[in-house]
There are 2 protein chains.
Amino acid sequence: MTRDLTGEMEGHGAYDQHSLAQHSAGSFGMPLLERAIGEVAPLVRDDRAVTVADLGAAGGRNELDPMGAAIAGLRSGGVSAPVLVVHTDIPTNDFTTLFETIENSPNTYLHQPEVYAFAAGRSFYERIFPASSVTFGWSAVAVHWLSRVPQPIPDHVYCAFATGAARDAFVRESAADWDAFLGARAAELRDEGQVVVVGGAATDDGASGAEALMDALNDALHDAVATGRITEREYAGMTVPTWNRTLAEFTAPFAAGGPAAEAGLELLEHSIALLPDQYLPQFRASGDASAFADSVSAFVRAFTEPSLIETLDRPADERAAIADSVYGDVRTRLAAAPDSFETTWRVALLRIRRTVRRGPGPT
Amino acid sequence: MTRDLTGEMEGHGAYDQHSLAQHSAGSFGMPLLERAIGEVAPLVRDDRAVTVADLGAAGGRNELDPMGAAIAGLRSGGVSAPVLVVHTDIPTNDFTTLFETIENSPNTYLHQPEVYAFAAGRSFYERIFPASSVTFGWSAVAVHWLSRVPQPIPDHVYCAFATGAARDAFVRESAADWDAFLGARAAELRDEGQVVVVGGAATDDGASGAEALMDALNDALHDAVATGRITEREYAGMTVPTWNRTLAEFTAPFAAGGPAAEAGLELLEHSIALLPDQYLPQFRASGDASAFADSVSAFVRAFTEPSLIETLDRPADERAAIADSVYGDVRTRLAAAPDSFETTWRVALLRIRRTVRRGPGPT
């Protein structure tokens with residue numbers, strides 16, 4: 001649930017190669033995508049190109065299936081117009097991997113006729129598209145990445161462990177970012193256009209389901225301070241810039257008088273789901289703790305190294321050595337007791353519609 | 001004149017930092033751009049977004065001024081619709097640098113209202129946009145990069161030195177690629193839409209104006225073979241995949257019955273210009289041969305290292321050491337006799353219009 005919004009992602013497709021959980025989480029949103037596409041297809045009444053936005057695309061591997069399904073759904077809904085698929089992410093995203101994935105993957109949606117792929121290198125907390133120009137939007141496992149770290153979390157790197165003033169700051173930043181996301185989409189969606197959000201979430205108690213895993217990472221970083229590999233000051237600056245919202249936090253702006261409702265958005269569906277651990281079943285079948293630890297430590301590394309290690313003011317080779325050491329330590333902890341690190345990410349599923357604008361809208 | 005179309009560009013903005021000649025060459029096209037924009041602005045009669053294509057964007061630094069001028073020209077021509085600027089290049093291009101340049105440069109066109117930036121990671125020898133969807137296109141110092149090396153050039157790495165069968169193969173590949181470029185644009189341009197091409201060119205005798213410089217590079221590679229730093233076989237596989245077309249080669253497809261004419265394109269303007277050496281004047285003023293050699297060797301390295309050195313089947317550190325050695329040798333040759341390496345690139349300036357399609361076209 002894991003995308004870096006404030007620094008570069010781990011390069012050369014590492015994120016894509018270790019994003020099984022993100023892929024599975026996205027699949028929870030497919031029924032909502034199909035319902036949304038079924039409802040927006042009739043909006044398209046001429047041959048002008050239809051824009052589909054993929055908001056927070058990362059390396060693209062997890063985006064091929066939903067985009068392919070969206071296009072197929074538009075076609076079966078009678079849309080013959082060209083479809084423009086626009087993958088967005090922050091400017092530092094690895095767009096080379098994204099384009100190579102789209103062009104070269106066996107399951108690319110580009111095999112469908114009259115489909116054109118583009119990218120936008122801009123945060124989805126800002127406006128990316130012209131007003132009323134997007135027919136359907138999709139954002140999977142991306143909106144938990146905040147636009148910035150509001151303040152460090154004492155003695156931890158992960159939002160679920162924030163308390164007191166730090167927790168309050170994350171709650172405020174998360175609310176402001178979510179309002180910004182929704183405000184931008186309210187402007188960009190055409191009348192009755194829809195966006196489906198699969199959001200990294202927390203249950204009402206604030207738990208994201210990854211506490212044990214993230215504690216292991218935090219313990220490894222503490223040990224790195226103790227052994228002098230990183231300084232206390234470096235550790236104090238380390239925060240994964242995410243916030244897993246509760247369903248109440250996701251839905252609040254849609255209440256009557258709330259900012260999303262005022263901006264012209266209505267929430268058609270909302271629910272929360274638990275994503276079963278993606279790696280433990282194989283361990284339990286094989287008993288191979290080493291393979292489990294390899295996979296899960298690579299998964300954690302792919303989404304946390306950019307914000308924790310790559311931001312250190314040190315030469316690249318020192319950063320690489322620190323990362324090898326820290327995630328090696330995480331790996332050792334995982335291998336010693338796989339069942340202690342069961343991870344059940346929470347996923348919020350939201351289907352959102354733009355209401356009809358007052359006055360003569362775009363046709 | 002220098003963009004890599006078959007491998008990754010030298011990363012981290014190196015191309016952008018050493019592309020003074022490309023920037024200056026592009027500036028030759030600005031009057032054509034202004035004339036084209038003046039003619040296409042009246043085509044835009046409603047508030048639907050207008051697409052401007054920047055074909056072969058590389059890192060984006062040289063694209064900000066022409067795109068800014070195109071947008072300003074549309075606005076002063078009465079266009080109030082949103083403008084979508086789509087920067088295209090091959091998938092391996094450094095799109096991160098491109099987006100960071102667009103978002104963060106002081107002279108970015110994004111300061112203008114209702115402008116939205118996108119990228120497409122696809123070769124311009126293929127279709128990138130839906131039919132009839134592009135109002136204006138711009139391609140500066142990019143179409144001399146061929147889609148592939150048709151065959152190696154014996155005893156040289158640079159197209160101007162090809163003879164016999166190798167030369168014939170380059171001429172054929174260049175013609176096929178140029179036809180593919182024009183055919184794709186003929187489909188994509190709206191009726192009466194225009195594209196301006198600033199193309200790396202050769203005078204009728206086949207000279208690109210960079211012969212001395214590219215000979216220095218070839219000599220350095222020969223020496224690298226002689227000293228055993230690279231193998232004879234590695235050298236034999238090295239080719240910069242470019243072809244600098246003569247004006248006759250550029251204009252041939254527009255003749256009556258030619259493929260561009262048949263596809264619906266007409267050539268409004270064509271000329272050829274010489275780009276004065278960008279580095280010698282400063283050397284002649286300062287006498288600083290070392291600074292001259294630094295700049296010019298970095299320029300050559302930025303556009304040739306990807307196709308010559310980065311394609312070697314060797315570990316990255318060996319490739320880096322080879323490149324340091326070869327371009328160091330080039331630098332030494334340049335420093336010894338700056339005036340011997342005067343480089344006057346040729347640039348073709350073309351303004352092309354899509355004719356009105358038969359039958360009811362898109363409005």
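Chain identifiers are assigned alphabetically (A, B, ...) following the order of the sequence lines, protein sequences preceding nucleic acid strands; residue numbering begins at 1 within each chain.
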Original post:
Where on B:Pro91 is there a heavy atom nearer than 4.5 Å to chain A: the side chain, the backbone, both, or neither?
Top reply: both
Subject >> Proximal component of A:Leu98, with respect to chain B [non-hydrogen, under 4.5 Å] >> reply: neither
Subject >> Backbone of A:Arg127 reached by a side-chain donor or acceptor of A:Arg122 within 3.5 Å >> reply: yes
Original post:
Under 3.5 Å, is there a donor-acceptor pair between the side chain of B:Glu188 and the main chain of B:Ile128?
Top reply: yes
Original post:
Would you say B:Arg354's side chain and B:Ala186's backbone share a donor-acceptor pair under 3.5 angstrom?
Top reply: yes
Subject >> Pairing of B:Arg319 and B:Glu310 as salt bridge, 4.0 angstrom limit >> reply: no
Subject >> Top contributor to chain A contacts, counting heavy-atom pairs under 4.5 Å, from B:Ala120, B:Ala49, B:Pro130, B:Ala81 >> reply: B:Pro130
Original post:
Do any N or O atoms from the side chain of A:Asp94 and from the backbone of A:Thr97 form a donor-acceptor pair under 3.5 angstrom?
Top reply: yes
Original post:
Do A:Phe99 and B:Ile90 come close enough that some side-chain heavy atom pair is under 4.5 Å?
Top reply: no
Original post:
For chain A, which residues from residues 103-118 of chain B have at least one heavy atom closer than 4.5 Å to it?
Top reply: B:Glu103, B:Leu110, B:Tyr116, B:Ala117, B:Phe118
Subject >> Side-chain donor-acceptor contact under 3.5 Å, B:Glu100 with A:Thr92 >> reply: no
